[in-house]
2 protein chains.
Amino acid sequence: MAEQLPHLLRSDAQDNRDRVLDAARALFSERGLDVPMRVIAREAGVGPATLYRRFPTKQTLVDEAFIDELATCRRIVEESCADPDPWRGFASAIERLCVLNARNQGFVNAFMSANPEAEMFTEHRVSLQRQLAHLAQRAKRAGALRRDFVMDDLVLVLLAGRGLSSVLPSSREARALRFAELAIDAFRERGEGISVGQRRR
Amino acid sequence: MAEQLPHLLRSDAQDNRDRVLDAARALFSERGLDVPMRVIAREAGVGPATLYRRFPTKQTLVDEAFIDELATCRRIVEESCADPDPWRGFASAIERLCVLNARNQGFVNAFMSANPEAEMFTEHRVSLQRQLAHLAQRAKRAGALRRDFVMDDLVLVLLAGRGLSSVLPSSREARALRFAELAIDAFRERGEGISVGQRRR
DNA sequence: AACGTAACGGACGCCCCCGTCCACTTGACC
DNA sequence: GGTCAAGTGGACGGGGGCGTCCGTTACGTT
């Protein structure tokens with residue numbers, strides 16, 4: 001996590017850099033991406049110039065700050081792929097991604113849609129999307145995932161999860177879990193009992 | 001819609017007021033609430049001062065601009081309550097509210113959470129919430145709505161619907177419909193293969 | 001047509017945010 | 001301990017949004 005490439009930075013510079021990243025992570029997670037750079041700098045106990053020297057643009061800082069979360073994403077999806085039960089793997093991926101999104105306000109915004117020029121993100125995005133697609137296809141083949149499921153549905157749910165940002169931090173996690181539960185139920189293939197009122201040609 | 005209280009405003013003033021409201025509605029719907037007042041004024045073909053004279057604060061403008069949508073909300077919920085089929089009423093309310101939210105970017109933000117001091121909104125909110133609760137209870141009693149449903153779930157879905165703001169306007173409506181479909185499926189009581197839609201005891 | 005007042009809009013001040021510059025400080029190496 | 005480049009933070013300029021002031025315009029009434 002802490003950068004330890006053959007210490008090109010002076011020790012105090014490295015300290016400050018780490019403190020800035022910590023502060024950025026905390027604030028981005030708590031309040032979303034539109035936290036002023038000054039606030040991050042003040043929180044980290046450095047001046048604005050120091051912050052800007054390490055991270056020339058706000059985007060750079062955002063990218064660096066969320067590298068860990070990105071790794072978490074990959075781990076979640078990989079563990080889900082490793083689950084022998086296709087449906088449980090699929091469902092647990094959704095649940096854990098929802099919780100992760102709820103915990104980090106800014107992450108989905110940073111990852112999805114937002115910045116098209118962040119090469120690092122797009123690269124990981126396509127990779128993640130491929131794994132998720134595989135996960136979904138496996139679950140569908142097992143007959144557990146609704147037949148009309150498409151990948152866009154997953155994006156829809158993940159994007160929607162962003163909407164519960166406004167709830168107060170205390171209940172945020174519980175909300176995310178409930179939301180995931182509902183989403184998973186929505187995706188579950190329901191038995192042969194065909195319901196009226198849903199098929200709208 | 002157009003204010004016609006015994007014309008206290010001069011004709012040109014009334015015209016400008018209407019144009020401002022039209023522009024505000026269009027821009028808020030399309031781009032969300034964080035549209036600069038200047039942009040609204042320019043779009044309406046008036047100066048900033050004129051705008052601020054009619055609507056002393058941005059909040060005032062937002063409130064006025066969304067009065068119609070609020071009425072639409074009420075109508076949707078009332079029509080759903082009037083539906084003899086409990087589940088269909090509940091489901092159609094969700095679907096239509098989702099579409100309405102997708103069509104008007106800023107509306108949910110304006111209505112939910114956002115401004116606690118907008119007395120007009122809060123008043124309507126509690127009233128709407130009561131009706132929705134009735135709708136839900138009726139559907140639950142009919143055995144069509146999942147037993148563990150709570151009102152917070154509905155808020156969750158409506159709030160989440162806000163998250164699909166980022167998709168481009170073209171596919172927005174289709175997304176909203178699909179999202180509503182998923183939400184409705186999530187809420188449907190899954191059970192003994194009973195077909196919902198017609199009252200099943 | 002003339003007049004008084006409501007209405008208008010360009011210009012202003014204020015604040016917040018971004019990113020940069022520069023004179024001062026401090027860590028690291030001799 | 002001395003040296004010096006790397007590092008630091010306060011101050012600056014630019015941009016944009018909000019809300020207001022004031023000289024000018026034009027409605028509508030007589």
Side-chain angles (χ1 to χ4, degrees), chain A residues 2-24 26-28 30-65 105-106 109-110 114-115 117-118, chain B residues 2-24 26-28 30-65 105-106 109-110 114-115 117-118:
Chain A
E3 306 295 321
Q4 73 298 49
L5 326 168
H7 297 76
L8 307 120
L9 269 58
R10 226 168 62 177
S11 65
D12 55 346
Q14 183 65 46
D15 273 7
N16 282 337
R17 190 187 137 89
D18 290 347
R19 283 213 308 280
V20 165
L21 269 180
D22 284 348
L27 287 168
F28 285 153
E30 189 59 33
R31 298 169 41 181
L33 289 185
D34 49 358
V35 177
M37 294 291 261
R38 310 311 242 251
V39 174
I40 299 173
R42 199 178 325 131
E43 192 67 16
V46 304
T50 301
L51 193 163
Y52 278 106
R53 191 170 322 101
R54 293 298 155 238
F55 307 95
T57 172
K58 188 169 186 174
Q59 190 59 52
T60 324
L61 178 57
V62 170
D63 290 357
E64 290 277 347
Q105 291 307 76
N109 287 326
N115 46 332
E117 86 289 1
Chain B
E3 306 295 320
Q4 72 297 50
L5 326 167
H7 297 77
L8 305 120
L9 267 60
R10 226 166 63 177
S11 64
D12 55 345
Q14 182 65 47
D15 273 7
N16 282 336
R17 191 187 136 90
D18 290 347
R19 283 214 307 281
V20 165
L21 270 179
D22 284 348
L27 287 167
F28 285 152
E30 188 60 31
R31 298 168 42 180
L33 290 184
D34 50 358
V35 177
M37 293 292 260
R38 310 310 241 253
V39 174
I40 299 173
R42 198 178 326 130
E43 192 69 17
V46 304
T50 300
L51 193 163
Y52 277 107
R53 192 166 323 102
R54 293 297 155 239
F55 307 95
T57 172
K58 188 169 185 174
Q59 191 58 54
T60 325
L61 177 58
V62 171
D63 291 357
E64 290 276 347
Q105 291 307 78
N109 287 326
N115 45 334
E117 86 289 3

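Values in this document were obtained by computation on a predicted structure and should not be read as measured data.
Evaluation of the side-chain contact (heavy atoms from CB on, under 4.5 Å) rule for B/Ala23 yields B/Ile40, B/Glu43, B/Ala44 as partners, not counting sequence neighbours.
In this structure the side chain of A/Arg54 never reaches within 4.5 angstrom of the side chain of A/Asn16, judged on heavy atoms.
In this structure, A/Tyr52 atom OH and D/dG13 atom C1' are separated by 14 Å, rounded to whole Å. Separating the CE atom of A/Met37 from the C1' atom of C/dC18 is a distance of 8 Å, rounded to the nearest angstrom. Taking atom CZ of A/Phe55 as the reference point, atom P of C/dT20 lies 15 Å away to the nearest angstrom. B/Leu61 has its CG atom 11 Å from the P atom of D/dG19, to the nearest Å. Rounded to a whole Å, the CG atom of B/Leu51 is 17 Å from the C1' atom of D/dC21.
OP1 and OP2 of C/dC18 both lie 4.0 Å or more from every side-chain N or O belonging to A/Thr57. Of the side-chain N and O atoms in B/Lys58, one or more sit less than 4.0 angstrom from OP1 or OP2 of D/dC18.
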Let's go through A/Val20 and A/Leu61 carefully: what are the C-alpha distance in whole Å and the side-chain angles of both, what is the deciding distance for side chain to side chain contact (heavy atoms under 4.5 Å, CB included) to 0.1 Å, and is it a yes or a no? CA-CA 9 Å; A/Val20 165; A/Leu61 178 57; 4.1 Å; yes
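Comparing atom distances between the B/Arg38 side chain and each of C/dT20, D/dC12, C/dC12 picks out C/dC12 as nearest.
Checking A/Pro56 against A/Val39, the closest nucleotide of DNA chain C that is more toward the 5' end is the one next to A/Val39.
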Measure all distances between protein nitrogen or oxygen atoms and nitrogen or oxygen atoms of nucleotides 7-10 of chain D, and list the pairs falling under 3.5 Å.
unit_1, atom_1, unit_2, atom_2, d
D/dG7, OP1, A/Arg10, N, 3.3
D/dG7, O4', A/Arg10, NH2, 3.4
D/dT8, OP1, A/Asn16, ND2, 2.3
D/dT8, OP2, A/Arg53, NH1, 3.4
D/dG9, OP2, A/Gly47, N, 2.9
D/dG9, OP2, A/Thr50, OG1, 2.7

